Amino acid sequence: MTDRAVTLTINGEEHRLLVSDNAVLLEVLREDLAMTGTKHGCDLGECGTCTVLLDGRPVLSCLTLARQVDGHEVTTIEGLADGRIPDELQVAFAELGAAQCGYCTPGMILSARSLLNENVEPTTDEINEALAGNLCRCTGYTKIISAVHLAVSRSIG
């Protein structure tokens, strides 16, 4: 195994790191950069807990090699807020109790943010489709879907 120098742009900030060829983005975020908002889930790409945005699109950081994101923009849950002002999705999730235990919440919010960046008035079916790769063991998803609708209503209202 060899180490390679990469420049990762995480939440708008450049980080120069040496990473092994098989280091996944999830490990680099949590262990090297202390960005623990991205969670370990299944480590198999099945639960969506580790979702981050890569150039605005959701990806599973447990399956993405760190070297693959060299030169690309990664957004984690830590970078979604505008300084101390949370993203409207973060506010809606908190207000409606959509976070329950909170473990899946970062991935859910980032997947929803990607959808809303492309579609400002998604239908419930479109929201369900966008969140289909994110599993929650605590809820029936009703509050999660409602939180996305609430954020939509506030952004277009």
Side-chain angles (χ1 to χ4, degrees), residues 1-94 96 98-119 122 126-139 141 143-145 147-148 151-152:
M1 229 176 307
T2 60
D3 286 345
R4 126 185 1 225
V6 295
T7 301
L8 304 181
T9 304
I10 314 288
N11 303 324
E13 186 177 323
E14 279 194 4
H15 302 270
R16 295 230 355 110
L17 302 164
L18 282 177
V19 299
S20 66
D21 283 339
N22 65 346
V24 294
L25 181 58
L26 174 61
E27 294 168 351
V28 171
L29 290 171
R30 290 183 60 83
E31 296 167 20
D32 297 335
L33 299 174
M35 293 182 186
T36 57
T38 306
K39 305 297 184 206
H40 274 283
C42 66
D43 288 327
L44 300 171
E46 295 179 4
C47 72
T49 300
C50 68
T51 300
V52 297
L53 301 181
L54 178 62
D55 296 331
R57 308 282 309 160
V59 297
L60 302 171
S61 63
C62 75
L63 299 180
T64 304
L65 294 173
R67 61 186 165 88
Q68 290 176 293
V69 301
D70 190 5
H72 294 274
E73 174 68 34
V74 175
T75 304
T76 68
I77 196 69
E78 291 94 343
L80 202 56
D82 182 10
R84 295 175 84 44
I85 301 169
D87 184 87
E88 61 199 12
L89 282 164
Q90 292 170 309
V91 172
F93 267 66
L96 296 183
Q100 300 260 329
C101 83
Y103 206 76
C104 70
T105 305
M108 289 279 187
I109 289 174
L110 287 166
S111 292
R113 172 47 52 217
S114 177
L115 170 67
L116 297 185
N117 287 346
E118 294 180 13
N119 181 352
E126 290 168 327
I127 294 168
N128 285 332
E129 185 177 332
L131 300 179
N134 299 84
L135 302 179
C136 176
R137 292 183 171 100
C138 296
T139 75
Y141 298 92
K143 289 182 180 182
I144 293 168
I145 303 303
V148 177
V152 166

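In this text, all values refer to a predicted model and were calculated from it rather than measured experimentally.
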Visitor: Applying side chain to side chain donor-acceptor pair (under 3.5 Å), name anything that partners E126, two or more places apart in sequence or on another chain.
Guide: N119, T123
Visitor: Give the C-alpha distance, both sets of side-chain angles, the deciding distance and a yes or no for side-chain contact (heavy atoms from CB on, under 4.5 Å) between V52 and T75.
Guide: CA-CA 6 Å; V52 297; T75 304; over 6 Å; no
Visitor: So which of L53, T9, L25 actually passes side chain to side chain contact (heavy atoms under 4.5 Å, CB included) with V74?
Guide: L25
Visitor: Look at the side chain of E88 and the backbone N and O of V152, then say whether any donor-acceptor pair between them is shorter than 3.5 Å.
Guide: no
Visitor: So which heavy atom on N11 is nearest to which on E73, and how close?
Guide: N-OE2, 3.5 Å
Visitor: Residues two or more places apart in sequence or in another chain: which of them pass side chain to side chain contact (heavy atoms under 4.5 Å, CB included) with E118?
Guide: R57, S114
Visitor: Does any non-hydrogen side-chain atom of I77 lie less than 4.5 Å from one of L80?
Guide: yes
Visitor: Look at atom CD of Q68 and say whether more than 12 heavy atoms of other residues, nucleotides or ligands are closer to it than 6.0 Å.
Guide: yes
Visitor: Between the main-chain N or O of G107 and the side-chain N or O of N134, is there a donor-acceptor pair closer than 3.5 Å?
Guide: yes
Visitor: How far apart are the closest heavy atoms of M108 and L135, and which atoms are they?
Guide: CE-C, 4.1 Å
Visitor: Drop me the distance from L29's CG to C62's SG, to the nearest 0.5 angstrom.
Guide: 12.0 Å
Visitor: Rounded at 0.5 Å granularity, tell me how far CG in L26 sits from CG in L60.
Guide: 10.0 Å
Visitor: Locate the shortest heavy-atom distance separating V24 from S61; write the atom from each residue and the value.
Guide: CB-O, 3.7 Å
Visitor: Taking only residues two or more places apart in sequence or in another chain, which ones pass side chain to side chain donor-acceptor pair (under 3.5 Å) with D55?
Guide: H72
Visitor: For the atom pair OG1 (T76) and CG (L110), what is the distance rounded to the nearest 0.5 Å?
Guide: 7.0 Å
Visitor: If we check side chain to side chain contact (heavy atoms under 4.5 Å, CB included) with L131, which of these qualifies: S111, C104, P58?
Guide: S111
Visitor: State, to 0.1 Å, how close F93 and A147 come at their nearest heavy-atom pair, and which atoms those are.
Guide: CD1-CB, 3.6 Å
Visitor: Return the OG to CG distance between S20 and L65, rounded to the nearest 0.5 Å.
Guide: 9.0 Å
Visitor: With Q90, which residues qualify under side chain to side chain donor-acceptor pair (under 3.5 Å), at least two apart?
Guide: none
Visitor: Rounded to the nearest 0.5 Å, what separates atom OG1 in T2 from atom CZ in R67?
Guide: 8.5 Å
Visitor: State which residues pass side chain to side chain contact (heavy atoms under 4.5 Å, CB included) with A5; sequence neighbours excluded, sorted by chain then number.
Guide: R16, L18
Visitor: Could you tell me the separation between the CG atom of L96 and the NZ atom of K143, rounded to the nearest 0.5 Å?
Guide: 8.0 Å
Visitor: For residues 36-50, please give each side-chain donor-acceptor pair under 3.5 Å, one per line with the distance, not counting sequence neighbours.
Guide:
{"unit_1": "K39", "atom_1": "NZ", "unit_2": "T36", "atom_2": "O", "d": "2.9"}
{"unit_1": "H40", "atom_1": "ND1", "unit_2": "D43", "atom_2": "OD1", "d": "3.2"}

Visitor: Going by heavy atoms in the side chains, are L116 and R113 under 4.5 Å from each other?
Guide: yes
